[in-house]
Undergrad: 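Dropping a structure here in structure tokens format, bear with me for questions.
Lettering of chains follows the sequences in order, A, B, ..., and the numbering in each one begins at 1.
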Amino acid sequence: MKHLLSTRDLSTEEILSVLAMADHMAEINSRAVPKVPALRGRTVASVFFEDSTRTRLSFETAATRLSAEVMTFTASSSSVNKGESLRDTIETLSAMGVDAFVVRHKSSGAPLQITQWTDAAVINAGDGWHQHPTQALLDAYTITRNFNELNSMHGRTIAIVGDIKHSRVARSDIDVFTRLGAKVVLVAPAAFLPTSLEGWGVTTADSLDDVIDVVDVVYMLRIQRERMDSAQMPSLREYSSLFALTPERAARMQSHALLLHPGPINRGVEMIVDPSVVPGSRILQQVTNGISIRMAVLFSLLGGDATTTLSNGVEA
Amino acid sequence: MSTNNQSIVIRGATVVNPDSMFVADVRIANGVIEAIGESLAGDVVLEASGCFISSGFVDLHTHLREPGKEEAETIESGSRAAVLGGFTAVVAMPNTDPAQDNVKTVQFVRERGLAVGLCEVIPSGCITVGRLGTKLVPYDQLAQEGVTLFTDDGTGVQDALVMQRALMVAKRLNLTLAQHCEVASMTVGAVMHDGACCSTMGVPGWPSAAEEEMVRRDIQLVRITGAREHFMHLSTQGSVELVRAAKAEGLPITAEVTPHHISLTDELLTGFDPIFKVNPPLRTMADISALHEGLADGTIDAIATDHAPHAGHTKEQTLDTAPPGMLGLETALGVVNTAVTLSPQKIAALMSWNPAVIANISDHQGRPVAVGEPAHIAVWDTTTVWSVSRDELASRSTNTPYHGMELRGRVRHTIYNGQLVVQEGKALA
Ligand SMILES: [Zn+2]
Ligand SMILES: [Zn+2]
């Protein structure tokens with residue numbers, strides 16, 4: 001693969017090979033000095049037109065652990081606000097010698113458009129409501145490794161709860177989870193579902209109570225408070241009464257069930273329970289796994305022949 | 001280029017008139033059709049066997065961008081694009097800067113069109129001052145300037161009472177209001193048709209209901225005022241059904257569709273290319289089928305291009321921030337003829353005769369090809385296959401969605417006011 005713009009660009013085999021490579025990366029990350037020279041001499045530019053410190057740090061940590069040079073570009077420190085076009089920004093940065101762009105943008109499709117204006121690899125670090133492919137990969141990694149079934153989610157039922165319509169995480173997760181064989185049920189009010197679910201291969205539920213005690217994974221999405229103000233839900237209280245994870249609902253989860261959340265958590269909105277008291281919570285593990293997955297993605301795109309170069313790096 | 005005292009003979013084309021079609025030579029001299037017959041001689045003779053000859057096309061919906069956005073298009077470049085598409089008259093949309101809500105701007109557009117002299121440029125007027133939807137323009141003054149078609153195109157008139165009052169004035173002064181039907185509160189931030197593609201792509205949807213709600217409202221306003229209304233660029237199945245029923249009721253309603261809405265679907269946007277962003281948005285196959293049926297049964301009266309040039313850099317933005325709009329003049333005939341199976345008479349009706357009536361210029365445009373008629377003529381075929389190249393368009397902008405596509409049917413010659421302005425698909429001035 002040349003870019004990672006959408007989970008849909010990846011075959012199921014490619015998804016599984018990224019997950020497998022992340023196992024190697026996790027091993028590197030467990031060392032006293034978690035660093036290999038695999039991408040020495042390569043430059044990774046993290047270009048965040050929309051602020052996201054967590055995702056940016058995760059990618060930059062991943063790049064650093066593979067010994068790549070990291071260039072950081074954030075919209076606030078740039079000329080983007082002064083009317084410079086997306087094309088100008090990317091062409092200028094490309095001219096500085098960039099091997100991969102890690103792009104976060106508030107507009108769906110921006111990373112795809114950027115590929116027209118650079119020869120570098122482009123990794124989508126979240127675009128609008130569209131896609132966040134590395135999030136889906138790290139979520140799939142977290143789920144498969146916890147259930148110790150490395151190549152499949154067959155027989156698992158995953159509830160994705162919250163604002164599906166405006167969520168790039170949901171779009172990416174649904175694609176990856178269903179292709180790995182999971183049953184996905186979307187738990188959301190109508191205003192938070194997209195107009196059409198044609199081709200999505202999912203079912204829906206009207207409240208978390210309908211599914212909480214039968215699913216294997218509860219995936220809570222972050223709810224943006226401003227959506228509550230724009231008349232998409234009558235009130236936060238009504239939303240929480242049907243869709244928030246309360247201590248009572250958390251207690252009804254199956255004993256093996258996992259709790260995931262892409263962060264940052266909105267306490268008191270979608271998460272009324274303190275996740276640290278939910279035994280199945282893997283929310284912090286997602287963050288840790290994110291670095292391994294992003295190392296695997298960077299290495300897949302920039303590392304040339306995967307097995308040999310990586311094993312060189314591992315030995316170094 | 002011929003001059004007025006040179007005669008032009010179009011040889012061997014099939015004359016397309018409302019009541020007949022026949023092969024003949026047509027001689028044009030002194031600005032009129034001087035003779036129709038066999039083996040006519042003339043100063044300039046254009047072989048046109050296999051072609052059709054009809055009155056020049058009339059576009060009810062052209063954004064010429066001058067004054068205000070001359071980097072995208074001018075009255076001159078837009079006029080040239082028009083005649084290359086076989087149009088001898090275009091209605092200039094009023095969303096210029098300043099807007100065509102006042103006598104001075106309307107005069108400027110008309111005079112600039114006359115000075116360019118390639119085709120007739122007919123300024124439309126705004127329905128409300130500044131297209132803001134609140135205060136009515138000085139209809140009497142603009143009517144005195146010859147403006148008969150009024151629209152706030154780009155937006156619809158949101159306030160029902162304002163629209164009702166505008167219709168009452170239009171009825172009294174015998175004017176036509178044209179509506180861009182869209183309930184704005186339902187399309188805030190909208191990027192593309194609200195359906196399966198938009199759901200997967202994660203962009204704000206442009207629901208069909210936003211258009212249909214205003215079509216429904218305006219039909220009711222026509223019913224209670226008795227005024228004429230023209231519905232612009234209808235794009236949905238529901239709109240076609242509403243207009244069909246309103247016409248059956250006998251209401252004085254006309255409607256147009258664009259070449260792009262009858263040929264392209266929202267699936268083209270899956271690559272996030274802003275070239276396919278347009279207002280109203282590209283819809284689905286079901287909508288296209290309904291529009292085709294509307295063309296066939298007369299629910300839709302006219303093809304109008306909604307030619308909307310945008311400077312290149314504005315389409316290098318993200319899909320949500322890029323302005324909507326696509327070029328249409330130079331590709332209109334080819335797109336229509338490729339997308340729908342229509343008889344030559346139906347094509348001439350949709351692209352010339354009916355729009356001339358709606359634009360109130362049928363005393364001199366959209367006339368039969370007959371001796372003594374003004375010589376505004378298009379010679380075209382329905383068989384030439386050609387490939388669209390955005391680099392070869394006369395428009396100042398390049399935002400055609402048909403770049404690289406093959407179209408069937410092409411304009412060969414255009415004569416405006418007796419002058420040969422396009423010969424063998426090339427502009428002469
Ligand atoms: Zn419009
Ligand atoms: Zn328009």
Undergrad: Using only atom types and a distance under 3.5 Å, with no angle test, would you say the side chain of B:D266 pairs donor to acceptor with the backbone of B:T284?
TA: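 The answer is no, because no donor-acceptor pair under 3.5 Å joins these two groups.
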Undergrad: Please classify the contact of B:E316 with chain A as side chain, backbone, both or neither, using a heavy-atom distance under 4.5 Å.
TA: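 Interface part for B:E316: both.
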Undergrad: Please look at B:P207 and chain A and tell me whether the side chain, the backbone, both or neither of the residue comes under 4.5 angstrom of a heavy atom of that chain.
TA: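 Looking at B:P207, nothing touches chain A.
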Undergrad: Just to be sure I understand the criterion: a residue of residues 189-202 of chain B counts if one of its heavy atoms is under 4.5 Å from a heavy atom of chain A. Which ones qualify?
TA: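 Counting heavy atoms that sit under 4.5 Å from chain A, the residues of residues 189-202 of chain B involved are B:D194, B:G195, B:A196, B:S199, B:T200, B:M201, B:G202.
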Undergrad: Has A:R104 got its NZ or CZ under 6.0 Å from the middle of the six-membered ring of A:F48, at an angle within 45 degrees of the ring axis?
TA: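 No - A:R104 does not lie over the ring of A:F48 by the 6.0 Å and 45° rule.
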Undergrad: Hey, do the aromatic rings of B:F272 and A:H130 have their centres closer than 6.0 Å?
TA: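 Yes; A:H130 has its ring centre under 6.0 Å from that of B:F272.
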Undergrad: Answer yes or no: does atom CG of A:D206 have more than 12 heavy-atom neighbours from other residues, nucleotides or ligands under 6.0 Å?
TA: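 Atom CG in A:D206 is not crowded, with 12 or fewer foreign heavy atoms closer than 6.0 Å.
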Undergrad: What part of A:R168 lies closer than 4.5 angstrom to a heavy atom of chain B: side chain, backbone, both or neither?
TA: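 For A:R168, neither part sits under 4.5 Å from chain B.
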Undergrad: Is chain B contacted by the side chain of A:H105, its backbone, both, or neither, given a heavy-atom distance below 4.5 Å?
TA: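 For A:H105, the contact with chain B is made by the side chain alone.
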Undergrad: Check the side chains of A:T7 and A:Q131 for a donor-acceptor pair under 3.5 angstrom, ignoring hydrogens and angles.
TA: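 A pair is found: one side chain offers a donor N or O, the other an acceptor, under 3.5 Å apart.
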Undergrad: Can you tell me if B:T338 uses its side chain to pair, donor with acceptor, with the backbone of B:G334 under 3.5 Å?
TA: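 Yes; at least one donor-acceptor contact below 3.5 Å.
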Undergrad: So, B:E241 and B:R244, do they make that salt bridge, N to O below 4.0 Å?
TA: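 Salt bridge absent between B:E241 and B:R244.
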Undergrad: Any ion pair linking A:R87 and A:E91 (charged N to carboxylate O, less than 4.0 Å)?
TA: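 Yes.
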Undergrad: Flag the one option from A:S108, A:P194, A:G128 with the top tally of heavy-atom pairs under 4.5 Å to chain B.
TA: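 Max contact count across the listed options: A:S108.
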Undergrad: Distance-only, no hydrogens or angles: does the B:K277 side chain make a donor-acceptor pair with backbone N or O of B:A322 under 3.5 Å?
TA: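 Pair found, side chain donor or acceptor close to backbone of B:A322.
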Undergrad: Spell out, as yes or no, whether a donor-acceptor pair under 3.5 Å connects the side chain of B:H260 to the backbone of B:L282.
TA: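 Side chain of B:H260 to backbone of B:L282: no pair is present.
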Undergrad: If we check side-chain hydrogen bond (donor to acceptor under 3.5 Å, both in side chains) with B:H180, which of these qualifies: B:N95, B:N279, B:D152?
TA: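 Between B:H180 and the candidates, side-chain hydrogen bond (donor to acceptor under 3.5 Å, both in side chains) is satisfied uniquely by B:N279.
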Undergrad: Are A:R171 and A:D175 within salt-bridge range, i.e. N to O under 4.0 Å?
TA: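 No, this pair does not count.
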Undergrad: Could you name the residues of residues 389-403 of chain B that have a heavy atom within less than 4.5 Å of a heavy atom in chain A?
TA: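 Result: none.
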